[in-house]
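When a residue number appears, it is its place in the shown sequence, counting from 1. Since we're looking at a predicted model, the values are computed, not measured. The basis for the numbers below is simple: all heavy atoms, side chains too, and nothing from hydrogens, waters or symmetry mates. Indexing begins at 1, ligand by ligand and atom by atom, following the structure's order.
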Amino acid sequence: MRRYHVTTFGCQMNAHDSERIKGLLEDLGLGEARSQEEADVLVFNTCTIREKPDQRFAAHLGQAAALKQRDPEKVIAVGGCYAEAQRERLFSLYPAVDVAFGPGSIAHLGEWLGAGGHGIARGAFGTGDERRFSAVLPLHRERRFQAWVQISMGCNSKCAYCIVPAVRGREVSRRPGDVVAEVSRLAAEGVREVTLLGQNVNSWGRDLLPDVRTDFGELLRAVDAIDGIERIRFTSPHPKDFREPVIRAMAECSAVCEHTHLPAQSGSTRVLKRMRRTYSRERYLALVERLRDAIPELALTTDLIVGFPGETEDDFEQTVSLVQEVGFDGAYTFVYSPRSGTEAAAMADQASEDVKRERVERLIDVVQGVARARNAARVGGVEEVLVEGPSRTDPSLLRGRTRRNTTVNFAGSATPGETVPVRVEGATSTTLRGTQLAAVAA
Ligand code: SAH
Ligand code: SF4
Ligand code: F3S
C-alpha cells in the first residue's frame with residue numbers, strides 16, 4: 001500500500017482542512033505514514049499569513065526535495081494559502097513540486113493524484129468559482145472527543161495587513177441545516193466539544209439572504225440543542241459584527257463555553273483606522289464590557305500586531321494599556337509582516353525590524369504578566385475539565401482543558417473524553433495545575 005504524510009502550517013482552519021486531505025487520501029487507498037521518509041505522497045498544507053510560515057515551508061520543502069532526489073517515485077503535493085498566493089509560480093520556485101492546490105480545491109486533489117496517489121498535475125489550480133466546502137469530503141479526525149466544524153469559508157473584511165481575503169476568497173456561509181447535520185453526526189460518534197470555524201463567525205449567514213434569514217446567535221442555539229454536545233467554542237468573531245443576539249445566545253446556551261477569542265490587533269484608534277478594522281478602542285472596550293456583563297466568568301484572549309506602518313511609540317503604548325485595561329487571559333502577539341498585494345504593504349512608513357522586535361518583546365512581557373495574574377486568581381477554585389490525555393510534560397499527570405480554554409495538568413484517574421471537576425492549585429501565564437476532586441475523595 002502506498003502511504004501519505006501531511007505536514008500542516010497555519011491556523012485551525014488549515015488543521016481542519018488537513019483532516020479532509022487525509023480523509024480524501026485514505027479514500028484513494030493510501031495509508032498514513034509516520035514520517036516524510038516513509039511516505040510515497042508528501043503533502044504540505046501551507047500558510048502565508050506572515051513571512052515566517054513562508055520561510056518554514058521553504059525549509060521543509062528543501063528536505064522533501066532531497067528525499068525525492070533519492071526516490072524520484074515520491075509525489076510532492078502542496079496545498080493551502082501559500083500555494084494559492086503563488087499559484088503557477090510555485091512550480092518554478094520549487095521544481096520538486098508535482099501537484100499544487102488552493103484551499104478551495106481540496107476536493108480536486110483526488111482527481112489530480114488519481115487512485116493510489118501516483119498522479120502528477122502541474123498547474124492544477126481551480127478557478128475561484130469552483131470553491132467547495134471541504135465539509136462534503138471524507139474526514140480523518142485527529143481527536144476523538146473534540147472536532148472542528150467549518151461554518152463559512154473566505155472573508156469579506158478588508159483589513160489592510162491581511163492576505164486571507166486574497167487567498168480564501170469572498171465569504172460563503174454553510175447552510176444551517178448542513179452545520180447541524182454535521183454536528184449531530186459528530187455527537188453520535190462521541191464528540192463532546194465542537195469548535196465552529198470561520199474567518200468572521202459573526203457575519204455568518206448574511207450571504208444566505210434572501211433564501212435563509214438567520215444569524216450566528218441562532219446557529220449557536222441550534223448547536224446547543226444537539227444531544228451530547230457539552231461544549232461549543234468558535235473562532236474568530238470580528239469585534240465589528242458582535243451583536244446583541246450573539247451575546248444573549250452565549251449567555252443562555254449552557255454548552256457555549258465562557259471564552260471568546262476577540263482579536264483587537266491594536267489599542268490605538270488611529271492605527272485601527274489605518275488597519276480598516278472599522279472599530280475604535282472605545283468601541284472595543286464597550287464590547288468587552290457588554291460581554292462581561294452578560295457572561296461574568298468570560299475569559300478573553302486576543303491577537304495583537306505591533307509595528308503596523310506608521311505606528312508611533314504613543315500608538316504602541318495604547319496597545320500595552322489596552323492589554324492592561326481589558327486584562328486578557330492570553331494574547332497572540334505578532335510582528336507586522338508586509339504581505340505582497342495588501343494595502344498596508346504599500347504604505348510608506350514601514351517600521352524598522354529593530355523597533356518591531358523591541359516593541360513585541362515589551363508587549364509579550366505585559367501580556368504574560370497580566371495572564372499570570374488572571375490565572376493566579378483562579379487558584380483555590382474548582383473548574384470543569386474535559387480530559388484530553390496524559391500531560392505532555394509529566395506522564396503521571398492528566399491533561400485537559402477548562403471551559404475558559406486553559407490547559408490544566410492534574411492528578412486524577414479520569415479517562416479521555418470525560419468531564420471532571422478539578423481543584424486548581426497552581427498557575428503559570430498559560431497553564432493551570434490541580435487535582436481531580438473525585439480523586440481527592442477516594
Ligand atoms: N480572521 C481572523 C484572523 C485570521 S489571521 C480574525 O480576523 O480574527 C490571524 C491573525 O494573524 C490576525 O488576527 C492578525 O493578528 C495576524 N495577522 C494577519 N496578517 C498579519 C500580518 N500581515 N502581519 C502580522 N500579523 C498578521
Ligand atoms: Fe484577515 Fe481581517 Fe478577514 Fe481576519 S477579518 S481574515 S484579519 S481580513
Ligand atoms: Fe490560516 Fe494561514 Fe491561511 S492563518 S487562513 S492558513 S494564511
Could you tell me the residue and atom name of the protein heavy atom closest to atom 26 (C) of ligand 1, and the distance to it rounded to 0.1 Å? Ile305 CD1, 3.8 Å
What are the atoms of ligand 2, with element, lying closer than 4.0 Å to any heavy atom of Arg277? 2 (Fe), 7 (S)
Counting each atom of ligand 2 from 1 as listed, which ones have a heavy atom of Cys159 under 4.0 Å away? 2 (Fe), 5 (S), 7 (S), 8 (S)
Does NZ or CZ of Arg143 fall inside the cone over Trp148's six-membered ring, less than 6.0 Å from its centre and within 45° of the axis? yes
Please round to the nearest 0.5 Å and tell me the distance separating atom OG of Ser337 and atom CZ of Arg339. 4.0 Å
In this structure, are over 12 heavy atoms from other groups packed under 6.0 Å from Arg276 atom CZ? no
His238, portion touching ligand 2 at heavy-atom distance under 4.0 Å: side chain
Quick one: which ligand 2 atoms are inside 4.0 Å of a heavy atom on Cys162? 1 (Fe), 6 (S), 7 (S), 8 (S)
May I ask you to test the Arg141-Glu189 pair for a side-chain heavy-atom distance under 4.5 Å? yes
Classify the contact between Pro165 and ligand 2 as side chain, backbone, both or neither, using a heavy-atom distance cut-off of under 4.0 Å. side chain
Atoms of ligand 2 under 4.0 Å from any heavy atom of Cys155, numbered from 1 in the order shown, are 3 (Fe), 5 (S), 6 (S), 8 (S)
Using heavy atoms and a 4.0 Å limit, tell me yes or no: is Arg168 in contact with ligand 2? no
Smallest separation among heavy atoms of Gln36 and Gln63, with atom names: OE1-OE1, 4.5 Å
Among non-hydrogen protein atoms, atom 23 (N) of ligand 1 lies closest to Ser337 N, 3.0 Å
Leu272 to Ala264 - nearest heavy-atom pair and separation: CD2-O, 3.3 Å
Do the rings of Phe334 and Tyr332 sit parallel, tilted or perpendicular, given the 30° and 60° boundaries? parallel
With nothing but distance in play, are any N or O atoms of Tyr161 less than 3.5 Å from an N or O of ligand 1? yes
Specify the protein heavy atom at minimum distance from atom 13 (O) of ligand 1: its residue, its atom name, and the distance to 0.1 Å. Asp303 OD2, 2.7 Å
Is the closest side-chain donor-acceptor distance between Gln150 and Glu182 under 3.5 Å? no
Nearest-0.5 Å distance, OG1 of residue Thr278 to NZ of residue Lys240: 5.5 Å
Could you point out which residue of Lys22, Glu26, Glu19 forms a side chain to side chain donor-acceptor pair (under 3.5 Å) with His140? Glu26
Distance under 4.0 Å to a non-hydrogen atom of Val335: what atoms of ligand 1 satisfy this? 23 (N), 24 (C)
Report the relative orientation of the aromatic rings in Trp112 and Phe101; use parallel for angles under 30°, tilted for 30 to 60°, perpendicular for over 60°. tilted
With heavy-atom distances below 4.5 Å as the criterion, would you say the side chains of Val183 and Ile232 are in contact? no
Nearest non-hydrogen protein atom to atom 7 (S) of ligand 2, with distance, is Tyr161 OH, 3.4 Å
Would one find an N or O of Tyr336, backbone or side chain, under 3.5 Å from an N or O of ligand 1? no
Give me the residue, atom name and distance of the protein heavy atom closest to atom 3 (C) of ligand 1. Gln199 OE1, 4.1 Å
Shortest protein contact, atom 4 (Fe) of ligand 2 (heavy atom only): Gln199 O, 4.3 Å
Parallel, tilted or perpendicular, as decided by the 30° and 60° cut-offs, for the rings of Tyr82 and Phe57: tilted
Evaluating non-hydrogen atoms only, which member of Thr235, Leu197, Thr48, Ile49 is closest to atom 17 (N) of ligand 1? Ile49
Within 4.0 Å of some non-hydrogen atom of Arg339, the atoms of ligand 1 are 22 (N)
Which protein non-hydrogen atom lies closest to atom 16 (C) of ligand 1, naming both residue and atom, and how far is it? Phe334 CD1, 3.7 Å
Under the 3.5 angstrom rule, does the side chain of Asn375 hit a backbone N or O of Ser429 as a donor-acceptor pair? yes
Short of 2.8 Å from atom 3 (Fe) of ligand 3, name each protein N/O/S atom, waters not counted. Cys81 SG
Is Thr402 reaching over with its side chain to a backbone N or O of Arg404, donor-acceptor style, under 3.5 angstrom? yes
Using a 4.0 Å heavy-atom cut-off, say whether Pro263 meets ligand 1 through its side chain, its backbone, both or neither. side chain
Checking side-chain polar atoms at under 3.5 Å, does Glu230 have a donor or acceptor matched by the opposite partner on Thr419? yes
To the nearest 0.1 Å, how far is atom 15 (O) of ligand 1 from its closest protein heavy atom, and which atom is that? Gln265 OE1, 2.6 Å
More than 12 foreign heavy atoms under 6.0 Å from CD of Glu51: is that the case here? no
With heavy atoms of Gln199 as the reference, note each atom of ligand 3 found under 4.0 Å away. 5 (S)
